[in-house]
Structure formats: C-alpha cells, structure tokens
Undergrad: 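After the structure tokens below, expect a handful of questions from me.
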Amino acid sequence: MVSGVRYDPLPLGIRCFKFTTGSSPPRNIVYKCWILALTFLVYMSYHMNRKSLGVVKSTLHGNTSNNNTDGWAPFNSTKDGTELLGYLDTAFLLSYAVFIFACGSIADNVSLRYFLTVGMIGTSTFMILMGMAKYFNIHSLAYFVIMQIIIGAFQATGWPAVVAVIGNWVGKGSRGLIMGIWNSHTSVGNILGGLVAGAESNSLDTWGLSFIYPAIVIGGLGIVVFLFLPTNPQAVGLPPPSQSTAEEDEERLIKSLQHHSDDSDDEGAIIRDPNSIPAISFWKAFKIPGVVEFSIALFFAKLVCYTFLFCLPDYVHSIKINGTQYDSEKSADIATFYDIGGIIGSIICGLLADKTGCNAIVCIVFQIISVPLLYIYYHYGTISMAAQLGIMFVLGFFSNGPYALITTAVSADLGTSEAIRGSAQALATVSAIIDGSGSIGATLGPYITSVLTNNQDGPNKYEKVFYVLETSAFIAALCLLRVMIKEISKFRLRRVRRITMNSGSIQSSNRRYSD
C-alpha cells in the first residue's frame, strides 16, 4: 500500500531546479521554512474561499423592507430568505464534516501532494461556478445547494493533508509555537477573503466576483503545490524530525537508567523509522488517549468560531454602532478585527502550550475567559467603534486560541503519540477525526443562527445566538477536565522524578568527593 508519507516522488519543480542549477536545493532549515510558508499560503487560500458566502449574504438577501425590489432570488424573500441562506452554510459545512473523515484515511494512504492538488483545483472550479450564477442568471436554490455540497467535499481535502505535511517536517517539541504562528493562516485567510469578497459584495452587478477572485487564488496555488511541495523530508534525502519532546526523552532516559533490561525497547521507540510503520485504522486512531476529549471540545469551540466566521459580518451589519449602521463592505472590514485577535491568540496559546506541556489546561483557561467576553461584546460592543473593535479583538484572541491549538499541535501530537509508537502514518487520520468532529459543530453554529435570526430584525436579532455561543464555550472547557487532571498528575510526577534524579546525582557526587 503506497502512502503519501512513505513515498512521494520529488516534485517536478524541484527536479527542474536541480537540473537547471546543477545542484541540489538548499537543505534542512530552508526546506522547512519553504514547507511552512507554502502550506501557510495553501490553507490561507482555503479559508479565503470560505469567507465569500458570509460576506455577500446581505447583498443576496437585499433590503426586504423595499418590497423585495433588490437582492437575489430566491434569497430576497421577506419570509424565509435568511433561512435559505442558512441552508447554504449547512450544505457546505455538513458536506465538509462528512467528507473530512474519509479524507483523513485517504490522505494517509496516497500522495499528499496529489491529494492537495486535486482538492485545491476542485475547490477553484466549483467556486467559479458558484460565482457564475450571477452572470448566467441562475436563481435555483438546488443549484446553490449542490455547489456548496461539492465545494465542501473538496475543501475537506485541505486540513488533514496540510497537518500531515507539517507533522512530517516539524518535530514535536516546538509544535505549539510553530503551529500557533503557522495556524494564523486561518485568520489571515478570513481577513483577505473578507477584503477581497467585500470589495465586490455591495453591488448586485458584481457579487459573483466575490467567489471568482478567491477561486483564482486557490487554483493558482494548487499548481504551485503540484510543482514544488515535498511532503516529507525523506523525499529530498533528509532524516525525519524527532517525534518526542525534551520531557518525554528525559522520562525515557530515567526509565532506562532504572530498568536496564528495557534499554533496547526504549531506543527502538526513539530511533525507529516511523515510515516503516503502516497506516493505522480509523478505529485505532479514535482510541488514542485524548482524541475523544479533544474532538468533543473542538465540536463546541468550532461552533463558536465558525458562527463568527460565517455570521459576524451580517451581525455587524444588523446593529448600530454609536447610532450608525454600516453597509456590508464596511461590516466585513470591521469583522476582520476578530481574526486579527485570533492570529495573536493562536500564537500565544501555542507558546503557552509549549512552555507548560499542558494543552488541555491552556485550552480550558482560554475558553473560560471567552464566556464573559461574549456577554460583554454583545451588550457593550455597540457603545462606540472603539468598544466594538477592542472587545471583538480580545474575543477573537481567546476564542480562536484553543481552536487553533487543538486543530494543529494537539492533532499532530496525538497523531505521533506513544500509543502508536510514533507512527507518522496516523497524522492525517487523527487530524480528520478531531477536525471532522469540530466541523459538525461548525455546521450546527451557522444553522442554529439562521433559525434563531429568521424573521428577526432590530438590535436583539442575535440575542439568543449569543446565549448559545456562551454555553458552547463553557461546555468546551468542561470537556477537557479529565485530560486536565491527567496533565496535572503527569506534571507532578515529572517534577518528583526530576527531584529524585537530581538528589541521586548530588549523593553520587558527595560519595565521590568523600572517596
């Protein structure tokens, strides 16, 4: 069985570089920087394409108080236009949630480069067809729903593949910080997607371009991936990175000193080539300790984040900030402050996870803080533009941090855990299980929003939605309590072992000094 990790031919672009220059491309650190940069751009483009629909909703719905004289049928209906737009969100997210589970298993057994290329070109093709509905004068709800289902299926190829590629290149000890920085691609993609789509979203004559422009970006990057993405170090003659942290290596050393008979087994766990281990089954990946807890936590965390992703521009458009109501383009610009906060939050959350080694505790703290922030944002964010932007930024910081950490560093850590003896073959499968579970929550968030806000107007339109978001953030924290208890116990045990080891070293030195 051929695996994207075990075997992937050297990309054509890199082979051409070697042929034209007569030398090999730069090694190791430069390769890693290239992988981080390219995969950053890749998933940034995936998120750019997810932003389009949320930005053009107000244009498609139109001003229903004008007897439906504007908007785009069938979404300009006074009675159920908002609910119909919610169907599109649900179609995309449900398709994504269903297909991502299958995509994880497939990605572990095929070339990740080919897999990503197909997903990106497919997304580009059907996003263009979505935008062309404007120019072909298509008003069929079925057409829009089918397009969203297909786009969701192709979008599901992205996350398992890019996390697997990063896991193949980046060692475990520095994943939190590196992936925290790297995961800002989601917020950068949301920001750029909002700006690009928002530039054409106000007019019924140009709303189709809000889908076409991001589609061109992801299609072009798909070609770059095919030509220039080595999916693992072995493909370019480099050794795989370490799949253990310094603390885990220290624990192995202590155990080996205490139990010499286990030396060969422990060494094997460290140096054994992960590519020699076959891809594990979906069920075995599901049973890895921590996968279930983090999957359920991400369900609720992603419900919150994706409700903001798809609905925040519309929420800002529906309220009056210091007595002023803004159009869809300005609302999309304002909503980018949530994503800017998310970028900083992802980095800090990853850094704290690296420093403490306690992923669950960091996630719980961030989620608990986000609960009162949701209340404050809804009730006090309309006082002034400064309050709106400031609270939105801080809310993005705390709500996006755990989402980013779980989908990146936690997924990669669990996918290369001791439970499967460090096999890189589980990376895409574990990532798909965790992110797929989160995507079910992401599906429910916008759908619940469309139901609760349908036929609602005025400043209280989103009141019930915020109650749902506050509850979800709190439940996400509760889901990780068991993992938190384990992390505390592990932290204490590690501390005792260090004290014991240091005490033994001091006693040994004293004996030598006495002799």
Side-chain angles (χ1 to χ4, degrees), residues 43 45-57 60 75 82-104 119 122-123 126-127 130 141-160 162 186-187 189-190 193-194 197 210-211 214-215 218 295-315 335 338-339 342 399-400 403-404 406-407 431-454 462 465 468-469 472-473 476:
Y43 213 69
S45 69
Y46 272 91
H47 264 260
M48 279 185 68
N49 283 265
R50 295 179 193 178
K51 194 71 175 179
S52 298
L53 180 59
V55 171
V56 302
K57 275 182 179 179
L60 296 178
F75 308 110
T82 302
E83 189 172 356
L84 294 180
L85 287 166
Y87 289 162
L88 300 190
D89 289 337
T90 303
F92 169 83
L93 292 168
L94 190 59
S95 172
Y96 181 93
V98 170
F99 280 97
I100 195 171
F101 290 104
C103 286
T123 298
F126 287 94
M127 281 289 291
M130 184 80 174
L141 177 64
Y143 176 86
F144 289 102
V145 170
I146 291 171
M147 288 298 104
Q148 288 295 95
I149 290 173
I150 297 173
I151 291 169
F154 279 111
Q155 281 266 334
T157 61
W159 192 246
V162 294
T186 58
S187 297
N190 293 341
S210 296
F211 292 90
I218 195 171
S295 296
I296 299 174
L298 188 62
F299 173 94
F300 291 101
K302 204 166 181 180
L303 186 153
V304 175
C305 291
Y306 266 63
T307 299
F308 277 104
L309 171 64
F310 282 88
C311 305
L312 186 56
D314 184 64
Y315 167 70
Y338 177 82
D339 295 299
S399 62
N400 263 301
Y403 158 54
I406 294 172
T407 54
S431 298
I433 292 172
I434 293 177
D435 196 52
S437 301
S439 297
I440 298 173
T443 303
L444 288 179
Y447 176 74
I448 291 172
T449 300
S450 68
V451 172
L452 294 178
T453 59
N454 194 40
Y462 276 82
V465 174
V468 172
L469 299 181
S472 297

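Quick note: numbers below take in every heavy atom, side chains included, and nothing from hydrogens, waters or symmetry partners.
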Undergrad: So do the side chains of Lys51 and Pro313 get within less than 4.5 Å of each other, counting heavy atoms only?
TA: yes
Undergrad: Looking only at the side chains, is there a donor atom on one of Ser399 and Tyr338 sitting less than 3.5 Å from an acceptor on the other?
TA: yes
Undergrad: From Leu94 CG over to Ile440 CD1, what is the distance, rounded to the nearest 0.5 angstrom?
TA: 8.5 Å
Undergrad: For Ser45 and Ile218, indicate whether the former's side chain and the latter's backbone hold a donor-acceptor pair under 3.5 Å.
TA: no
Undergrad: Donor-acceptor pair, Thr453 side chain versus Tyr462 backbone, under 3.5 Å?
TA: no
Undergrad: Does the pair Asp435 and Lys302 meet the rule for a side-chain contact (heavy atoms from CB on, under 4.5 Å), with working shown?
TA: CA-CA 9 Å; Asp435 196 52; Lys302 204 166 181 180; 2.7 Å; yes
Undergrad: If the condition is ring-ring contact (aromatic ring centres under 6.0 Å, His included), which residues does Phe144 pass it with, not counting sequence neighbours?
TA: Phe75
Undergrad: Please report the closest heavy-atom contact between Phe154 and Phe126, naming both atoms and the distance.
TA: CE1-CE1, 3.6 Å
Undergrad: Roughly how far, to the nearest 0.5 Å, is CG of Leu53 from CE of Met127?
TA: 8.5 Å
Undergrad: For Ser439 and Tyr96, which heavy atoms make the closest approach, and how far apart are they?
TA: OG-CE2, 2.7 Å
Undergrad: Looking at CD1 of Ile448 and OG of Ser472, how far apart are the two atoms once the value is rounded to the nearest 0.5 Å?
TA: 7.0 Å
Undergrad: Are Thr90 and Gln148 packed together at the side-chain level, in the sense that at least one heavy-atom pair is separated by less than 4.5 angstrom?
TA: no
Undergrad: Contact between Ser437 and Ile296 at the side-chain level, heavy atoms closer than 4.5 Å - yes or no?
TA: no
Undergrad: For residues 442-452, pull every pair meeting side-chain hydrogen bond (donor to acceptor under 3.5 Å, both in side chains), keeping only residues two or more places apart or in separate chains.
TA: none
Undergrad: Say whether, by atom type as modelled, one donor and one acceptor occur between the side chain of Ser95 and the main chain of Ile149 under 3.5 angstrom.
TA: yes
Undergrad: With the side chain counted from C-beta on, respond yes when Gln155 and Asn49 share a heavy-atom pair under 4.5 Å apart, and no when they do not.
TA: yes
Undergrad: Which one of Asp339, Thr186, Asn190 satisfies the side chain to side chain donor-acceptor pair (under 3.5 Å) criterion with His47?
TA: Asn190
Undergrad: Show the nearest heavy-atom pair for residues Gly436 and Ala97, with the distance to one decimal.
TA: O-CB, 4.2 Å
Undergrad: Quick one, Leu469 with Leu303, criterion side-chain contact (heavy atoms from CB on, under 4.5 Å). Give me CA distance, side-chain angles, the key distance, then yes/no.
TA: CA-CA 8 Å; Leu469 299 181; Leu303 186 153; 4.0 Å; yes
Undergrad: Heavy atoms only: give me the nearest Gly445-Thr307 pair and the separation to one decimal.
TA: CA-OG1, 3.3 Å
Undergrad: Is there a side-chain contact between Tyr315 and Leu312 (heavy atoms, below 4.5 Å)?
TA: yes
Undergrad: Heavy atoms, side chains only, cut-off 4.5 Å: are Asp89 and Leu85 in contact?
TA: no
Undergrad: Does any non-hydrogen side-chain atom of Ser295 lie less than 4.5 Å from one of Ile433?
TA: yes
Undergrad: Which heavy-atom pair separates Phe300 from Ala476 by the least distance, and what is that distance?
TA: CB-CB, 3.8 Å
Undergrad: Looking only at heavy atoms, what is the nearest atom pair of Val304 and Ala473, with distance?
TA: CG2-N, 4.1 Å
Undergrad: Name the orientation class of the two ring planes belonging to Tyr306 and Phe310 (parallel below 30°, tilted from 30 to 60°, perpendicular beyond 60°).
TA: tilted
